[in-house]
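Worksheet for the structure shown next.
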Amino acid sequence: ESTRKQLIELLTKQDGHISGQQLSQQLNISRTAVWKHMNELKKDGYEIEAVQRKGYKIHSFPDKISENTLQWGLETRWMGQQLYHYDQVDSTQEIVHQMAKQGKPHGTVVVADEQIGGKGRMARTWDSPKGKGIWMSFLLKPDLPPVEAPQLTLLAATVIAKMIDERSDLSPQIKWPNDVLIHHKKVSGILTEMQAEQDTIQYIVLGIGMNVNQEEEDIPSDIRYKASSFKIESSREWNIQKTIQHFLTLFEASYDQFIREGFQSVKEDWETYGYRIGENVTISTMKETWEATLLGIEPDGALRARRTTGEEQKLYSAEIHWGEGGYL
Ligand code: BTX
């Protein structure tokens, strides 16, 4: 693995070609081993030119995602240290649930190019077309009481918003609890599923869908009015591997801080991206629907709102909407 890394470094540093002889000397491996590594790299989507008597030259890095390319250059300590990539799955959530039962560690990540049974919340579906987005789930084993699990959803939303913010000129916003919006359209969703026993969390499967490179026509027509992608909103293609790696790095740092310092650190970040705070909206729960002003989030992540009667409320689960078609 480290030979491969060094090989890629040598190829990248060189302007022209680098001979098999030089590579074998510098890496301290046989010419045959060099050749085998080259074939592996090509399989992973690296474009490498081989010219007789001149040697090798790297032309492009892969767009094709693999476990290797995702882990290469990933500078996390625990997040994604075990990482699995699939071309097509029903849902990455299901795979991580199975892995949890097999005893896979905290921080295990599953990424798929395509989901044919992508899940949203409450039995809704999540459209996950091939190669157009990031469809991934992680296994987390926090030492927290089950009531605090929803805070991880807010944490994940904050990390997605921060990642978009750092990689573009866009201004992402978070609609409580779990939608990330750009220009008022949903570009990402989060699904948090928990396995708990009385007072302890056994594990959490945190699923994240990010619409990255969809064009207008890749988005199902019935949700086009409320859904978008990073590409549509920024008018450029995004590198999916780098976006995943950036996300995992930021997630690890935020998660560690959250565990160390509690929700306060997340709350501050969340508030910089909070959507429609201070505005009038319609709130629905299973029982009723009413008008309210969004006030912000509570120290525990619950939503705070004020009814038109003046009464203030703390909400742990609800849907927020406004105007016509404002339901995301
Ligand atoms: P949600 O229930 O908040 O949103 C689902 C609703 O969003 C759908 O009913 C539909 O109206 C709309 N929608 C469906 N697909 C998309 C899309 N691609 N972009 C924007 N809007 C859409 C949000 O649920 C939670 C989504 C989590 C998805 C991840 S992907 C990896 C992991 N595996 C899996 O099966 N789910 C999670």
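Heads up: numbering here begins at 1 and tracks the sequence. Remember, it's 1-based here, ligands and their atoms both numbered in the order they're listed.
Against a heavy-atom cut-off of under 4.0 Å, G118 is close to the following atoms of ligand 1: 35 (O). For ligand 1, the atoms lying closer than 4.0 Å to a non-hydrogen atom of Q93 are 32 (C), 33 (N), 34 (C), 35 (O), 36 (N). Atoms of ligand 1 found under 4.0 Å from any heavy atom of S137 (numbered from 1 in listed order, with element): 32 (C), 33 (N). Within the listing of ligand 1, atoms 25 (C) sit less than 4.0 angstrom from a heavy atom of I190. Applying the 4.0 Å criterion to heavy atoms of G120 picks out, from ligand 1, the atoms 2 (O), 24 (O), 25 (C). Which parts of ligand 1 touch N211 is read off a 4.0 Å heavy-atom cut-off, strictly below it: atoms 17 (C), 18 (N), 19 (N), 20 (C). Of all atoms in ligand 1, numbered sequentially from 1 with element shown, those under 4.0 Å from a heavy atom of I208 are 29 (C), 30 (S), 31 (C). The ligand atoms of ligand 1 that sit less than 4.0 angstrom from a heavy atom of T92 are 31 (C), 32 (C), 33 (N).
By the 4.0 Å N-to-carboxylate-O rule, K119 lies close enough to E193 to be salt-bridged with it. A salt bridge does not link E40 with K36: none of the charged nitrogens is closer than 4.0 Å to a carboxylate oxygen. Salt-bridge check for E216 with R224: failed, with every basic side-chain N at 4.0 Å or more from each acidic carboxylate O.
Only the backbone of T125 comes within 4.0 Å of ligand 1, counting heavy atoms alone; no side-chain atom from C-beta on gets that close. Contact annotation: for E94 versus ligand 1, there are no heavy atoms closer than 4.0 Å. Contact annotation for K226 and ligand 1: only side-chain heavy atoms (C-beta onward) come within less than 4.0 Å of the ligand. Counting heavy atoms under 4.0 Å from ligand 1, residue D127 touches it through both backbone and side chain. With a 4.0 Å heavy-atom cut-off, ligand 1 is reached by the backbone of K119 and by its side chain too.
Ring pair W126/W135 is perpendicular by interplanar angle, where above 60° counts as perpendicular and below 30° as parallel. Between F258 and F263, the ring planes lie perpendicular to each other; the angle is over 60°, past the 30° to 60° tilted range.
Judged by distance alone, the side chains of S168 and S234 never bring a donor and an acceptor atom under 3.5 Å apart.
The side-chain contact (heavy atoms from CB on, under 4.5 Å) test with L154 singles out one residue from I297, N178, I190, D269, and that residue is I297.
At a threshold of 4.5 Å between non-hydrogen side-chain atoms, the residues L11 and I18 count as touching.
Aromatic rings from H106 and Y255 are positioned such that their centres are separated by under 6.0 Å.
Backbone and side-chain nitrogen or oxygen atoms of R121 are examined, and one is located within less than 3.5 angstrom of a nitrogen or oxygen of ligand 1. Between Q214 and ligand 1, a contact under 3.5 Å exists for no N or O pair.
N213 places a side-chain N or O within donor-acceptor distance of the main-chain N or O of W238, the cut-off being under 3.5 Å.
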